[in-house]
Amino acid sequence: MARCRHCDLRVLVAVACGLLTAIILGLGIWRTVIRIQRVTVAPPLSTPTVFCRNGGTWENGRCVCTEEWKGLRCTIANFCENSTYMNFTFARIPVGRYGTSLETCDKNTLNAGSPIAIRLCNVSIYGEIELQNATIGNCNENLETLENQIVNITVDSKAISAEAQVLTSDASKLTAENITSATKVVGQIFNASRKAEPEAKKVAVTTVSQLLDASEDAFQRAAATDNDNAFTTLIEQMENYSLTLGNESVMEPNIAIQSVNLEGSEGSTKIRYSVFRGSSESLVSCSTSVDTNVDRLDPDGQTQLQILLSTKKSTKACGFVLYQNNKLFQSKTFTAKSNFSQKIISSKVNENEQDQILSVEMVFSPKYNKKEYQLHAYACVYWNFLTKDWDTYGCYKDTGTDGFLGCHCNHTTNFAVLMTFKKDYKYPESLDILSNIGCALSITGLALTIIFQIVTRKVRKTSVTWVMVSLCTSMLIFNLIFVFGIENSNKNLSTRDSDIDIDFGDNQMLTEDTIETPNPSCTVIAAFLHYFLLATFTWSGLSASQLYFLLIRAMKPLPPHFIIFISLIGWGTPAIVVAITVGIIYSQSGNKSHWELDYRQEEICWLAIPNNNDFIKSPFLWSFLIPTIIILISNVVIFIVITIKVLWKNNQNLTSTKKVSSLKKILSTLSIAVVFGVTWILAYLMLINDDDIRIVFSYIFCLFNTTQGLQIFILYTVRTKIFQSEASKVWKSLSSSVGRVKSLPSLRFRVRMYNMVRSLPALHESFRLLEPSQVIEETTL
């Protein structure tokens with residue numbers, strides 16, 4: 001007999017292991033087939049991802065290199081190697097930039113921690129890359145003290161300009177105060193009344209280019225405290241400086257200045273200034289051209305920007321200033337959240353305002369990530385020095401060449417195109433078959449469990465198990481909302497750039513560079529999912545606590561008003577968490593229309609998953625992850641304690657066979673594990689870096705958790721004697737209705753079921769609490 005019991009136990013273990021192995025192998029084969037299908041149907045890439053070398057990226061049919069490389073595949077060096085000059089050491093320097101020395105000022109000096117010297121890497125007239133002599137700064141001088149020397153610019157302009165260049169060479173360390181001081185110094189160097197030397201002004205252009213590498217946040221803070229109009233002065237003085245270079249140009253990584261001498265021209269003249277793409281984003285790698293006596297714009301595939309000036313009469317000179325970004329133009333009405341570079345072009349002629357220009361035509365080639373964003377609208381604007389902001393007066397849209405944004409203005413100043421984008425979200429496909437089947441089974445099982453618990457209350461002569469019914473109710477509602485509401489209805493509104501119809505007759509000022517399509521219903525669904533999933537975890541924690549006190553705490557009576565107390569916790573605590581989370585996010589967003597996306601995702605109606613940099617501050621962490629982790633940890637601890645001290649504790653008085661005892665222990669353990677939500681721990685295994693392993697655990701997680709309601713139904717409803725008795729009656733009635741031929745198998749089934757139930761012995765009192773057929777079932781679970 002013992003040998004038989006031992007054999008049956010081994011068979012049971014073998015069958016369980018076989019089923020688990022079959023599931024894992026099936027998922028692995030499924031994953032392999034899916035990967036093969038994806039590889040088979042995937043369209044061939046037009047260009048291999050490794051075509052562009054050394055950090056280059058493939059954009060618009062060509063490689064865009066970093067500043068240190070150039071060429072078709074970014075394989076040609078465009079830098080100066082590590083070098084030394086006197087006692088100073090310099091790292092690799094890209095062509096067109098100044099490198100900083102590794103040696104810094106001593107901590108006891110005024111300029112502590114800043115580079116002592118800078119050195120230019122340039123291309124000679126023979127096309128060879130070479131290093132220039134180093135410029136050594138003064139460690140006892142900083143930008144604030146240099147600002148006090150503005151009065152000496154006339155006699156000491158070269159020294160002041162060189163010192164400003166050294167002090168702004170490390171843009172990553174520039175503060176708002178540094179930017180303000182440097183802007184004031186450089187603005188006065190360009191001021192014609194100060195009579196600074198031409199060489200000092202060229203060095204000042206380099207300083208401005210270095211300033212434009214500083215952080216956007218530092219510029220915003222500097223503009224907010226710019227009471228002396230330092231930014232406005234610098235912009236105006238650089239416009240005037242652009243008229244004084246004859247036909248020469250000055251090219252720096254972030255700024256380009258071009259002068260055109262028109263002396264000797266008669267009648268009206270049209271001047272076209274073009275900027276063409278280079279090997280990198282740096283303006284040094286770009287090429288420019290100036291054409292006179294042309295009649296129209298003529299951009300091609302390599303054109304970044306083109307501007308056409310039409311003068312009313314002959315002029316002596318005109319000038320252009322091109323800015324790599326808009327950091328000097330801090331707008332109060334237009335908010336930029338994307339990191340797309342916004343080029344600004346300035347045009348000026350030396351004529352009176354009322355006589356200077358008949359018209360200005362421009363085309364801009366918008367540069368943005370077309371895989372993630374769609375162009376929604378644009379506005380042609382100019383910088384209004386009176387309001388210190390962008391304005392649309394005198395400018396309107398023009399139907400330019402395909403692929404370009406056209407503008408037309410009746411005056412000269414600093415022009416730009418403000419663009420608004422819609423993010424092209426990758427909405428997921430509908431739930432797969434596995435998820436749909438699992439959720440459908442769970443919904444059915446949970447509904448039947450709730451009905452069974454309520455309907456059989458009088459038969460079982462016990463009160464309704466409030467914890468079990470509440471747990472099943474919250475889980476049922478969550479599954480229903482998940483199946484029918486998780487998808488965002490905005491996925492049906494997705495459009496491409498070719499589908500967007502731009503209104504050229506409307507040149508209204510824009511307020512932000514990205515817009516979102518609001519969907520309040522999706523936000524409401526996300527809030528409900530947030531609430532009911534938190535409620536599910538809360539009720540599982542309450543179920544674990546209740547069971548712990550009943551089994552481990554020697555069956556002490558529950559405190560008075562226990563049902564009311566746990567109801568307030570189970571249904572009230574999640575509501576408070578969700579309300580506080582939504583309230584804080586809404587209050588912090590102010591009047592922003594996109595506050596919803598700070599709470600939920602756009603792809604699905606669920607909580608927003610933040611970037612790594614913002615994860616610590618995210619509501620997803622504090623309003624969901626941390627509460628659920630705390631509940632899961634406490635549930636796992638209670639599960640281990642109950643399993644060791646009650647379920648699998650050796651009992652010498654146990655009269656049942658080893659086979660029956662082990663089977664009932666396994667079922668009881670599974671019953672507790674399901675209610676406690678222990679299978680949610682599998683979610684952490686989905687964080688494994690290996691894609692193949694992660695996908696297997698994803699399917700296992702989906703299998704166990706989408707069918708959690710079905711598991712509760714089987715373990716807490718099907719196993720009860722009342723359900724088996726009622727099911728037997730139903731089966732009997734169904735069998736009798738189809739004839740006496742099939743009544744015999746039904747009778748045999750009922751007899752076998754009855755004998756099997758009668759053969760199950762009673763367990764120890766504490767262990768018997770887990771048997772769903774007992775009278776106290778509702779109190780314990």
Side-chain angles (χ1 to χ4, degrees), residues 95-96 120 122-127 157 161 186 189-192 195-209 235-278 282-300 302-324 343-352 355-363 412-415:
V95 170
L120 174 64
N122 207 355
V123 178
S124 68
I125 58 175
Y126 303 105
S157 60
S161 184
V186 176
I189 292 175
F190 286 122
N191 191 338
K195 298 181 180 179
E197 297 184 31
E199 186 64 28
K201 294 182 179 180
K202 289 186 177 181
V203 173
V205 175
T206 304
T207 302
V208 176
S209 177
I235 296 170
E236 290 179 330
Q237 295 301 329
M238 291 187 68
E239 286 184 359
N240 295 330
Y241 174 65
S242 68
L243 300 172
T244 64
L245 296 176
N247 287 320
E248 296 183 2
S249 64
V250 179
M251 298 288 292
E252 294 293 336
N254 293 318
I255 193 169
I257 300 178
Q258 175 73 57
S259 289
V260 181
N261 188 355
L262 297 175
E263 290 186 359
S265 300
E266 297 181 359
S268 61
T269 303
K270 292 187 177 181
I271 307 99
R272 186 174 65 202
Y273 178 63
S274 306
V275 181
F276 303 99
R277 292 186 176 91
S282 172
L283 294 180
V284 173
S285 68
C286 299
S287 59
T288 62
S289 68
V290 176
D291 301 292
T292 57
N293 296 322
V294 293
D295 57 352
R296 60 185 176 87
L297 295 169
D298 187 25
D300 56 26
Q302 297 302 316
T303 304
Q304 289 193 71
L305 183 151
Q306 200 169 80
I307 182 170
L308 180 67
L309 302 184
S310 299
T311 59
K312 185 181 296 184
K313 59 182 181 180
S314 61
T315 58
K316 296 180 180 179
C318 67
F320 304 94
V321 181
L322 176 65
Y323 300 90
Q324 177 75 291
K343 288 183 172 57
I344 313 295
I345 180 68
S346 165
S347 64
K348 187 175 180 62
V349 296
N350 59 345
E351 292 283 349
N352 295 328
D355 297 329
Q356 59 178 353
I357 292 296
L358 177 64
S359 67
V360 181
E361 298 177 51
M362 295 158 285
V363 288
T412 59
T413 184
N414 298 274
F415 301 103

- Query: Between CD1 of I189 and CD of E197, what distance do you get to the nearest 0.5 Å?
  - Reply: 11.0 Å
- Item | Contacts of type side-chain hydrogen bond (donor to acceptor under 3.5 Å, both in side chains), residue S274, not counting sequence neighbours | Q306
- Main-chain N/O of V275 paired to T288 side chain as donor or acceptor, under 3.5 Å: no
- Message: Please find the pair of heavy atoms, one from S249 and one from Q258, that lie closest to each other, and give the distance.
- Response: CB-OE1, 3.2 Å
- Could you give the distance from CE (M238) to CD1 (I255), rounded to the nearest 0.5 Å? 3.0 Å
- With rounding to the nearest 0.5 Å, note down the distance linking OH in Y273 to SG in C318. 11.0 Å
- Item | Short side-chain to backbone donor-acceptor contact, R272 and R296, under 3.5 Å | yes
- With respect to S347, which candidate in N414, L309, T413 satisfies the side chain to side chain contact (heavy atoms under 4.5 Å, CB included) definition? L309
- Note on the structure: Heavy-atom closest pair (P299 atom, L297 atom, distance to 0.1 Å) is CD-C, 3.6 Å
- Note on the structure: CD1 of I307 to CD of E361, rounded to nearest 0.5 Å, is 10.0 Å
- Item | Partner residues of S242 under the side chain to side chain contact (heavy atoms under 4.5 Å, CB included) criterion, sequence neighbours left out | I257, V321
- Query: In chain order, what residues pass the side chain to side chain contact (heavy atoms under 4.5 Å, CB included) check against S259, with sequence neighbours excluded?
  - Reply: L245
- Message: My understanding is that only residues two or more places apart in sequence, or in another chain, count here; which of them pass side-chain hydrogen bond (donor to acceptor under 3.5 Å, both in side chains) with S285?
- Response: S280
- Got a second to check how far F276's CZ is from D300's CG, nearest 0.5 Å? 5.5 Å
- Of all heavy-atom pairs between K201 and A196, which one has the smallest distance, and what is that distance? CE-O, 3.8 Å
- Contact summary for N254 and L283, nearest pair of heavy atoms: C-CD1, 3.6 Å
- Message: According to side chain to side chain contact (heavy atoms under 4.5 Å, CB included), who are the partners of E236, at least two apart in sequence or on a separate chain?
- Response: T232, F385
- Message: Would the distance check show the side chain of T207 and the main-chain N or O of V203 forming a donor-acceptor pair, the cut-off being under 3.5 Å?
- Response: yes
- Rounded to the nearest 0.5 Å, what separation is found between the CG atom of N293 and the NZ atom of K270? 10.5 Å
- Message: So which atom in P253 and which in S282 form the shortest heavy-atom distance, rounded to 0.1 Å?
- Response: CA-OG, 3.4 Å
- Task: Please step through side-chain contact (heavy atoms from CB on, under 4.5 Å) for the pair N240 and K348, ending with a clear verdict.
- Result: CA-CA 8 Å; N240 295 330; K348 187 175 180 62; 3.0 Å; yes
- Message: Given 3.5 Å as the limit, does a donor-acceptor pair link the side chain of S346 with the main chain of E239, or not?
- Response: no
- Message: Looking at N247 and N261, would you say the former's side chain and the latter's main chain have a donor-acceptor pair under 3.5 Å?
- Response: yes
- Closest non-hydrogen contact found for G278 with C286 is N-SG, 3.8 Å
- Which class fits the ring pair Y241 and F190: parallel under 30°, tilted 30 to 60°, perpendicular over 60°? tilted
- Item | Non-neighbouring partners of E252 that pass side-chain hydrogen bond (donor to acceptor under 3.5 Å, both in side chains), sequence neighbours left out | T206
